[in-house]
Amino acid sequence: IVEKDRFQTLGDLRKQWTESGVETSRATMYRRVQEMGYRCRIPQVKPLLNQKRRQKRLTWATEKQHWTVAQWSKREMPKCLKSSVKYPQSVMVWGAMSAAVNAASYQEILEHFMLPSAEKLYGDEDFIFQHDLAPAHSAKTTGKWFTDHGITVLNWPANSPDLNPIENLWDIVKRKLRDARPNTLDELKAAIEASWASITPQQCHRLIASMPRRIEAVISAKGFPTKY
C-alpha cells in the first residue's frame with residue numbers, strides 16, 4: 001500500500017487495514033512503517049511542473065549557470081504580497097515590485113514607481129529587470145513599454161518561485177507581521193512598512209548570493225522543483 005501511494009497517512013493505512021480485518025494500534029503501524037524503511041514526512045507543496053516546463057527551467061538554469069552574484073545584484077524583482085487583518089480587509093503591497101493588476105495599471109506602476117527607484121539605485125548604469133509570467137507582465141503592450149524605455153527584461157521560466165529570492169524576502173515580511181497583530185487596515189499598512197524597513201541590506205545580499213546555488217540545484221534536479 002505504501003509503495004503504491006506515498007502520500008497516504010498512517011490514518012489512511014490503519015483504516016484500510018481495519019477494513020481488511022486487521023486490528024492494530026497507530027503506534028504499531030508507525031513502527032512497522034519505520035521497519036520497512038519509510039519515514040513519515042509532510043510533503044512540500046511545489047508548483048506543478050510538466051515535462052515541458054521542467055525542460056525550460058533546466059535550459060534557463062544552464063544559461064545562467066555562470067552568472068556571478070554581482071550580475072544577479074543588478075536586477076529588479078517585482079512581486080506582490082497580499083495580507084489581511086480580518087476577512088473583509090486586505091492590502092496589495094508594492095516594494096519595488098508590482099501588484100496583481102492589468103497591463104495598463106502595471107505600466108503606470110512601472111512608470112511612477114519602478115523607474116524612479118531604478119534611477120535612485122543605478123543612476124545611468126544598465127540593469128536587468130525581472131518579473132514572472134503574470135498576464136500583466138507578459139502582455140505585448142508591457143513588452144513594448146520596456147523596449148521603448150530601453151530596459152532589458154530577464155527571460156523567466158514558468159512556475160518557478162524557487163528561483164526567485166524575492167519570495168524569501170516576502171516570507172521575512174510575513175513572519176514579522178505575525179508578531180505585529182494589527183487590528184485595522186491603517187495598522188496593517190503601517191506594520192507592513194515597518195517590516196519592510198527592518199530588512200537589512202545584508203539579508204538582501206544573502207538572498208541574492210544564493211542564486212548560483214539555486215541554479216545548480218535546478219540543474220541537479222533536472223528541472224524539477226528544488227528546496228528553495
Side-chain angles (χ1 to χ4, degrees), residues 42 44-47 64 67-101 105-134 136-137 151 153-154 156 159-217 225-228:
I42 298 176
Q44 290 186 327
V45 179
K46 296 287 185 178
K64 307 296 185 295
W67 275 33
T68 65
V69 173
Q71 287 175 290
W72 285 112
S73 297
K74 285 191 175 182
R75 71 185 183 108
E76 289 278 326
M77 304 175 184
K79 197 68 180 176
C80 64
L81 165 69
K82 183 177 181 181
S83 300
S84 61
V85 185
K86 296 181 180 179
Y87 293 111
Q89 299 188 103
S90 65
V91 60
M92 299 302 293
V93 179
W94 164 271
M97 295 120 198
S98 75
V101 293
S105 299
Y106 180 52
Q107 291 157 38
E108 288 184 13
I109 292 173
L110 294 172
E111 188 80 38
H112 298 298
F113 294 95
M114 189 278 284
L115 285 183
S117 174
E119 177 70 22
K120 183 178 180 180
L121 287 169
Y122 304 114
D124 294 330
E125 292 185 43
D126 292 332
F127 65 92
I128 299 176
F129 189 84
Q130 183 269 318
H131 56 187
D132 57 26
L133 299 182
H137 302 174
I151 297 173
V153 178
L154 181 68
W156 195 253
N159 286 15
S160 298
D162 56 340
L163 288 172
N164 197 342
I166 195 66
E167 299 289 352
N168 304 92
L169 195 62
W170 283 129
D171 187 58
I172 293 172
V173 172
K174 287 188 285 187
R175 288 202 305 270
K176 291 178 180 291
L177 284 175
R178 293 192 189 111
D179 299 327
R181 298 187 180 279
N183 295 310
T184 67
L185 194 58
D186 287 338
E187 289 181 3
L188 173 61
K189 291 179 180 179
I192 292 173
E193 290 177 356
S195 298
W196 181 267
S198 69
I199 295 173
T200 65
Q202 290 77 16
Q203 286 176 297
C204 295
H205 180 73
R206 283 197 296 270
L207 290 174
I208 293 173
S210 72
M211 285 306 302
R213 296 194 299 275
R214 295 170 191 251
I215 295 297
E216 290 298 330
T226 66
K227 68 177 183 179
Y228 291 97

*Asks:* May I ask you to decide if the ring planes of His137 and His131 are parallel, tilted or perpendicular, using 30° and 60° as cut-offs?
*Replies:*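 The arrangement is parallel - the two ring planes meet at less than 30°.
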*Asks:* What residues, two or more places apart in sequence or in another chain, satisfy side-chain contact (heavy atoms from CB on, under 4.5 Å) together with Leu115?
*Replies:* Glu111, Trp145, His149, Ile151
*Asks:* Once rounded to the nearest 0.5 Å, what's the spacing between atom CH2 of Trp156 and atom CZ of Phe129?
*Replies:*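 One gets 12.0 Å once the value is rounded to the nearest 0.5 Å.
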*Asks:* Do Ile199 and Val173 come close enough that some side-chain heavy atom pair is under 4.5 Å?
*Replies:* yes
*Asks:* Under the 3.5 angstrom rule, does the side chain of Ser117 hit a backbone N or O of Phe113 as a donor-acceptor pair?
*Replies:*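 Answer holds: no.
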*Asks:* Quick one: list whatever passes side-chain contact (heavy atoms from CB on, under 4.5 Å) with Asn168, sequence neighbours left out.
*Replies:*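 Partners of Asn168 under the side-chain contact (heavy atoms from CB on, under 4.5 Å) test: Pro165, Leu207, Arg214.
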*Asks:* Please report the closest heavy-atom contact between Lys176 and Ser195, naming both atoms and the distance.
*Replies:*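 Looks like CB-OG, 3.6 Å.
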*Asks:* Please examine the side chains of Thr184 and Leu188, heavy atoms only from C-beta on, and report whether any two atoms are closer than 4.5 Å.
*Replies:* no
*Asks:* Once side-chain contact (heavy atoms from CB on, under 4.5 Å) is applied, do any residues pair with Glu119, and if so which ones, sequence neighbours excluded?
*Replies:* none
*Asks:* Kindly give the heavy-atom pair with the smallest separation between Pro212 and Val69, and that separation in Å.
*Replies:* CG-CG2, 4.1 Å
*Asks:* Going by heavy atoms in the side chains, are Asn164 and Asp132 under 4.5 Å from each other?
*Replies:*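 A side-chain contact under 4.5 Å is absent here.
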*Asks:* Is a side-chain N or O of Gln203 found less than 3.5 angstrom from the main chain of Thr200, in a donor-acceptor match?
*Replies:*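 Looks like yes, one N/O pair under 3.5 Å.
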